[in-house]
Structures are given as C-alpha cells and as structure tokens.
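Excluded from the calculations below are hydrogen atoms, water molecules and symmetry mates; all remaining heavy atoms, backbone and side chain alike, are included.
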Amino acid sequence: MKMSKMFVQTLRETPADAEVVSHQLLIRAGYIRMLTSGIYSYLPLMFRVFKKVENIVRDEMDKSGAQELLMPILQPKEVWEESGRWEAYGKELMRLKDRHDREMALGPTHEEIITLLAKNQISSYKQLPINLYQVQSKFRDERRPRFGLLRGREFIMKDAYSFDVDEEGLDKAYNVMAQAYEKIFIRCGLDTKMVRSDSGAIGGDVSHEYMVLTETDCGENDVVFCVECDYAGNTNRAESILPKCKTDGEFKESNIVDTPNVKSIEELTKFFNIEPSAICKSLVYIVDKKIVVALIRGDLTIEETKLKNFIDGNEIRIATDEEIKELMEKSNLTAEAGFIGPKGIKAQVIADESVKGLKNFVVGVNQNDKHLAGANWGVDLDLPKSVADIRLAQRDELCIKCNAKLDITRGIEVGNIFKLGTKYSAKMNAKFTDEKGGEKPYIMGCYGIGISRTAAAAIEKYHDKDGIKWPMSIAPYHVIVVPVNVQDEQQWAVANELYDQLKQQNIEAVLDDREYRAGVKFKDADLIGFPVRITVGKTIKEGDVEVKVRMSGEQIKISKDEAVKHVVNIINSELEKS
RNA sequence: CGGGAUGUAGCGCAGCUUGGUAGCGCACCUCACUUGGGAUGAGGGGGUCGCAGGUUCGAAUCCUGUCAUCCCGACCA
C-alpha cells in the first residue's frame, strides 16, 4: 500500500469532544469518523484491525468446534415477545416500524433468533451438543453513548450460543469457551482477567466477564483482584475477608448520650474518642420505591448493587432528607440522617455481616442529637434478621481464596460468557427429544466478544503521547517504509526495493511515498501505530537503513541487505507469540 | 431522565457583551524554496454562522422555539 493513496487523514489536533485516549487517537490517526452519537464509520485502517481481531476470534472458535453462521439484524417484534424481552429489554432495544407498521427491532444480541432457529432445526439429542456463532454489527440504544468505540450504539460483536442436552454438557461447553477466550485475548496481545459477574439483562446463573485491566479511566467498572491468586470480581460482586475491628468501644455501660449535631462517622469518632469500627452506621435507601435501612460497621462502605440484589430489587438510591422524614413520621420517631438506627424503625432492615461482631458500639436511636453508646446485640437491641454481605470490597483487604492482598483497577469488559440454562428454550418452547423419547428444553449458554471494543481496549492499553502502539497481531499493517527524502534517488530506489521484498515475503507493508518532510512522516507513522518502521535516509550512502520497533522503542542501524530479513524475523517472532 | 455547556470552513477556535461587507491557525490547491521529528514565503479555493420563527432599514450577534453534540449524574453491560 502506498501511503499517498491510502484513505486516511491524520489530524494534528485532538477533537474537542473525544474524552478517552482510544477515542482521541482513533480520530486523530484516521481510523474512525463519527456519523452521529455512538455511531461511526470504520475507515480502511480500522477495518483491517477489525478483520485481524475477527480472524483470531474465528480461528479459535472454529478450533473449539463452533460453527459460524449469520443471522438477521432486523428482527420482528413477535420473537421478542415470545421471550418476554420486548418489554424487559426496555429502551435499549433499538426499535422501528416497517411500511406495514409492523414493529421490528435491530438486534442487540441474538438469543431469541438462535433459539427459534434451534427449535425448528434441532429435534433430536443426536444433533447435540452444538455451538453456533456469528460476527456482526449489534445495536443498543445506549442512554449515553460515550468513549468512542468503547460504548457505541452500533458496534461489532462475536456472539456464540451453545446447546446441550444437560447441565453437564453446558459446563463442558462453558469451559471450552473459557479456554478459547483465554487464547483469543492472548493472541490479541491483551492480558485479561476472568471476572465473576452479575448476569444482568441477559440472565442466567453463572457468568464471567473478561476484563482488560487499564490504568486509564474509561468509565468502566472497577475490578477487584487478588495480587497473588486468580480471584477477581466486579466491585459490585467481589468479596473480601472482613477487616478486623480495630477496637471495641470502651464504654462501661450502655447509655443514651446527648450528641448535639454530631452526625457523621468522623464527628462521632471525635466526640466519643473511638475508632470508626466501633460504630454501627445506618443508611436509608429507596429500593423500588420502598424504604430500606442498611447497617454497616462505621469504617466500611455499602455496595449498593449487592444490597439491591440481596432484596431482589431493581432500582436503588440513597433516600433524600424528606423521605427520611416521612419514614420517621410513619415510625412515630423523629430523627434526621445521622441519628437513624435500627431500633423501632418501621422498615426493612438489612445488616451487613460486619455489624454482627460489633460489641460495645455506638449506634443511632432515631432521636435527634442522641446516640446509644456501649450498645450490644441482644442486650440493648436485636440484631436484624437479614444479615448479608452488602459491603464494598476495598483495596488492601484480604482475598477470600488465598488471604493475600486485594487491589482495584479499572477494567474494560471485552468478553463475557453466560450459562443461560433453559431461560430462553423454556420460554420459547424450544425442545428436543432425548434418548428415552422424552421432550426437554435445550440447555443453553451464550458467549460474546466485543470486536470493536477489543480494538479500542488495545489502544487504551498500548499507546504513548505520540500515538498507538498496536500489538503485531492486530495492527493494520506490520511495517512502514519511510524514505526520508523521496527526491533523493538512492533513498527512493532502496525504499521501493525494501517495500517490494517485504511484500514478496507476505509482510503487510506500507510505503510512505508522500513528498512530505521526514518529521511529518515520522509523526504519522507513530500516530497510526505501525509496529515496525524502516527509515531510509542519509545513512543509505553507507548502505545502512534504520529499523525502529514502535512497542519497545528499540532502534537499530542495519545494512539494507539484511534489513528485510531482520524485519521479517521481528514480525514473525511477534506473530508466533500469539 | 436530571444538572451543566457548546453549535461559525474537514479539524481547532475568535467574533456575539455594544446589530452594519464573516475572520484566524491547521488541513486542502498552485508556485518557489526546503528534506532525520508536524519548515518557510507568495497566491488560491472552501461558510445558507445547527434549524425555524420573531424584533429591526439591517441579525452570526437580540428574543422565542427546536434539533444536535459533549460533560457530570442516574441507567445499562
């Protein structure tokens, strides 16, 4: 490919509305252009990267025994009503009408379609197990698309669906996918963590996400992981060993104490001269319009998703002062936030496990400007019936698996695997005949990889101030040959010669034949992220060219006759790693 | 959906307060000069100032509405 003919326009300035690095670089380096919010054209460089990722995905999927197919993007309402998701998927489902006013959806995922297909095609256990996948554009009408390719409304995804006769078969299929995923991401040059996760809208029992851990802040969820073993989880699910109480309270007897305007944990610790861990903190939440009081030790934090899940709620938020006032009136009590406690309150009370061990502690008693000090469960008040882990796991707490320290990083979810069970097959009456002649619903699993998101995640992971540093396996091209001065006959001739030789060796090469100054061409090469650059400049008079590796920054001078061999070696050894 | 901000050339922005011929930098085209890290000079093309109303002799500028985009939050995965 000649650079002068390539459909690419690099920008010197960062577009004002691109927030995260991958978005900025993809625009600046000429990979994508936005059509409208969350929807992008993928220009030739981007397309090549997608093909690379897709082909790795295809290769591993095929090796795992899965078969590729392609299902419709445009889907009639009826199929979605069958699964109940026409309602349940909510506004995120991109909907439209055809000329007959028939309601349709653009597929955000394909459980319904594949289940319907299986229902009509698979009638015997002899046809099972089977795993079918496709690579395709998906549509999700995100409330707030952002971060470029990391959260678009249209994006490219690989989605696979497994069908088995029983749970055992599903477990097997699930593990096969887990292994394939591991290989896929390694081949893409990405370190991922397999993280236990919530199943969310897709549903099912067991699910894992594959997260690329990044230092950059791209708004994705925090991941808690163990520094020693392989334990990892989303913050909304991760557990940790309960940190020990520093000291119990040292009150001689329990007493209701006047605590005028002493509300926060910090104020209480000063007032009583105690550790935060000797306080029982009470927080008021609104879960699906109902009031819920959550208790936790003063030095710890509530994880709202855990609380929400424990009581099987959908929506959770902290109560406003007015809502607290209302609660108090209903309970015939008078207290503002800061003086709330479990005793005598007319609301569901959930205690975190951490409060169980509290002794001689301080707690609100639902009277303004008063706290109960030296309280003990069973003596001064009862431990609530509902005790659960609703605590946010924090950095430096200890791993439940191996007792080592936990750490927290930002992560980008690039893949996920779900055990669906019969969630869709049962609802859609999709059954097969088993060995004994009985009818059974398929046991299903589904497995997604965000192709476009994986590419963006690679950039979040591998970039510097000058641009992208693609891993060799997913770079749009392997090498760029840059003649410093195209008017210098010798430089021009050698550059062309090297370029031709590289192509003969099946190396994906670009020749920067543009009549620009060297600086411009170097800047573009770095920005676009060619893994290897061969510079043909003045040193060609001594027969030498320069080879620079983008990822490592390594740079050597080498005879032009050995350059191609050297570069082919670099490229192949990188590709072999994947 | 709540809060905030912005829409002027492909990109980044000024002009708006105080209405009077639409500007600058980058990019693009031509010529000269230059060629190892985003040179320089000269010339040139490109805009219904987001859209629709209104006020006015006259609107990018003032008013009303509307649409779009971005940020924070909520939501979702």
Q. Aromatic rings A:Y477 and A:F530: how do their planes relate, parallel, tilted or perpendicular, breaks at 30° and 60°?
A.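 Correct class here is tilted.
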Q: Using both distances under 3.5 Å as the test, list the Watson-Crick or G-U wobble partner of B:G43, or none.
A: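 Paired with B:G43, as far as the under-3.5 Å criterion goes, is B:C29.
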**Q.** B:C51 - base-pair partner by Watson-Crick or wobble geometry, distances under 3.5 Å
**A.**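 Because both required distances fall under 3.5 Å, B:C51 counts as paired with B:G65.
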**Q.** Test item: side-chain donor near acceptor, A:S22 and A:Q24, under 3.5 Å
**A.**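 There is no such pair between these side chains.
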**Q.** Side-chain donor-acceptor pair present, A:Q555, A:E546, cut-off under 3.5 Å
**A.**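 Yes, because at least one side-chain N or O of A:Q555 sits under 3.5 Å from a partner of the opposite role on A:E546.
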Looking at [N], does its base get a donor-acceptor pair with the side chain of [X] below 3.5 Å?
{"X": "A:E546", "N": "B:G36", "value": "yes"}
{"X": "A:R28", "N": "B:G38", "value": "yes"}
{"X": "A:D466", "N": "B:G37", "value": "no"}
{"X": "A:R151", "N": "B:C76", "value": "yes"}

Q. Between A:F418 and A:S207, which heavy-atom pair has the shortest distance, and what is it?
A.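 Closest approach of A:F418 to A:S207, heavy atoms only: CD2-CB, 3.3 Å.
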Q | Given RNA chain B, 5'-ward residue of the pair A:T14 and A:V520, judged by closest heavy atom | A |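 Going by which nucleotide is closer to the 5' end, it is A:T14.
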Q. When the nearest nucleotide of RNA chain B is assigned to A:K538 and to A:Y516 on a heavy-atom basis, which residue is associated with the more 5' position?
A.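 Its nearest nucleotide lies further toward 5', so the answer is A:Y516.
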Q: Describe the nucleic acid contact of A:E19 in one word from base, sugar-phosphate, nothing, applying a heavy-atom distance below 4.0 Å.
A: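 Contact class for A:E19: sugar-phosphate only.
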Q: Give A:L527 one of three labels, base, sugar-phosphate or nothing, depending on what nucleic acid heavy atoms sit under 4.0 Å from its own.
A: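 Counting heavy atoms under 4.0 Å across all strands, the contact made by A:L527 includes a base.
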